[in-house]
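Notes for the one structure printed next.
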Amino acid sequence: QVQLVESGGGLVQAGGSLRLSCAASGRTFSRYTMAWFRQAPGKEREFVAVIVWSGAMTYYADSVKGRVTISRDNAKNTVDLQMNSLKPEDTAVYYCAAGTAFDTDNYYFDKQYDYWGQGTQVTVSS
C-alpha cells in the first residue's frame, strides 16, 4: 500500500515555473512506476508524465514535452514535476499516481495506476 501526498501547486503567471512534489509512504516506493496526471475543469483527467522505478525511462505528453521534467528520489520516496514556461492551458488539478507495473503501450491510461494522491491545484494566469 502506498499513500501519496502532493504539494507545490499555486498561482503563477504565464511563462513562469512551478515544481510539484509528491511524497510517498511505504518502504516499497522504489518498486513503483510513478506518474503525474492532471484534470482541468470540465475535462477528463489526462496523462502528463511518467517515470519508471529506476528513473531510467521517462515519457511525456506531447502538450508538455520540452517544458516539463519528471524526476524521482527513491531514497527520499519522492517524485517531482518541474514545470517551466507555463501556459494558461496548464491550469488544472495535478495528481500523483503509483503503479506496480509499466506498460509501454498503456502508461498514459489512468487505469494503469493503483494509488492516487489528493491532487494539488495549479493555476496559470495570462
Side-chain angles (χ1 to χ4, degrees):
Q1 184 106 11
V2 176
Q3 291 185 327
L4 306 172
V5 179
E6 302 95 335
S7 62
L11 174 64
V12 64
Q13 289 187 333
S17 297
L18 277 177
R19 188 176 184 89
L20 306 183
S21 187
C22 174
S25 65
R27 293 176 290 178
T28 59
F29 173 77
S30 62
R31 300 180 186 178
Y32 287 91
T33 293
M34 300 299 298
W36 287 92
F37 284 75
R38 67 186 182 185
Q39 187 167 21
K43 295 187 177 181
E44 294 186 354
R45 187 162 54 188
E46 64 174 5
F47 167 78
V48 176
V50 64
I51 186 166
V52 300
W53 69 272
S54 65
M57 289 193 295
T58 58
Y59 293 88
Y60 299 92
D62 287 343
S63 59
V64 302
K65 199 171 294 182
R67 302 187 295 119
V68 165
T69 302
I70 188 172
S71 60
R72 67 188 297 162
D73 186 334
N74 288 340
K76 296 181 179 179
N77 283 14
T78 58
V79 58
D80 291 347
L81 189 71
Q82 176 67 42
M83 302 189 295
N84 301 322
S85 302
L86 283 162
K87 305 175 181 180
E89 51 263 46
D90 294 318
T91 295
V93 176
Y94 283 70
Y95 297 92
C96 175
T100 55
F102 178 75
D103 184 341
T104 54
D105 292 326
N106 295 296
Y107 61 83
Y108 44 87
F109 288 122
D110 57 7
K111 66 181 180 181
Q112 294 296 305
Y113 301 90
D114 306 296
Y115 304 102
W116 293 83
Q118 82 291 347
T120 185
Q121 176 70 47
V122 171
T123 302
V124 184
S125 63
S126 56

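Each residue takes its place number in the sequence, starting with 1. Everything numeric here is computed off the predicted structure, so don't read it as measured data.
One N or O on the side chain of Glu6 and one on the backbone of Cys96 form a donor-acceptor pair closer than 3.5 Å. Using modelled atom types, no side-chain atom of Arg45 and backbone atom of Val93 make a donor-acceptor pair closer than 3.5 Å. At distances below 3.5 Å, not a single donor-acceptor pair connects side-chain atoms of Tyr94 with backbone N or O atoms of Thr91. Checking side-chain atoms of Tyr113 against main-chain N and O of Met34 turns up no donor-acceptor pair under 3.5 Å. One N or O on the side chain of Asp73 and one on the backbone of Lys76 form a donor-acceptor pair closer than 3.5 Å.
The side-chain contact (heavy atoms from CB on, under 4.5 Å) test with Met83 singles out one residue from Thr69, Val48, Val122, Val64, and that residue is Val122.
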Would you list the atom pairs, donor with acceptor, under 3.5 Å between side chains in residues 12-26 and any protein atom, with sequence neighbours excluded?
{"residue": "Ser17", "atom": "OG", "partner": "Asn84", "partner atom": "OD1", "Å": "2.9"}
{"residue": "Arg19", "atom": "NE", "partner": "Asp80", "partner atom": "OD2", "Å": "3.3"}
{"residue": "Arg19", "atom": "NH1", "partner": "Gln82", "partner atom": "OE1", "Å": "3.0"}
{"residue": "Arg19", "atom": "NH2", "partner": "Asp80", "partner atom": "OD2", "Å": "3.2"}
{"residue": "Ser21", "atom": "OG", "partner": "Asp80", "partner atom": "OD1", "Å": "2.9"}
{"residue": "Ser25", "atom": "OG", "partner": "Gln3", "partner atom": "N", "Å": "3.0"}

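Residues satisfying the ring pair (Phe, Tyr, Trp, His ring centres under 6.0 Å) test with Phe29, not counting sequence neighbours, are none. Here Tyr95 pairs with nothing under the ring pair (Phe, Tyr, Trp, His ring centres under 6.0 Å) rule; sequence neighbours left out. Remark: Lys65 engages Tyr60, Asp62 in a side-chain contact (heavy atoms from CB on, under 4.5 Å) (not counting sequence neighbours). By the side chain to side chain donor-acceptor pair (under 3.5 Å) test, Glu89 is found to be paired with no residue, residues two or more places apart in sequence or in another chain being considered. Evaluation of the salt bridge (Lys or Arg N to Asp or Glu O under 4.0 Å) rule for Asp90 yields Arg38, Arg67 as partners, not counting sequence neighbours.
In this structure, Phe102 has its ring center at least 6.0 angstrom away from the ring center of Trp53.
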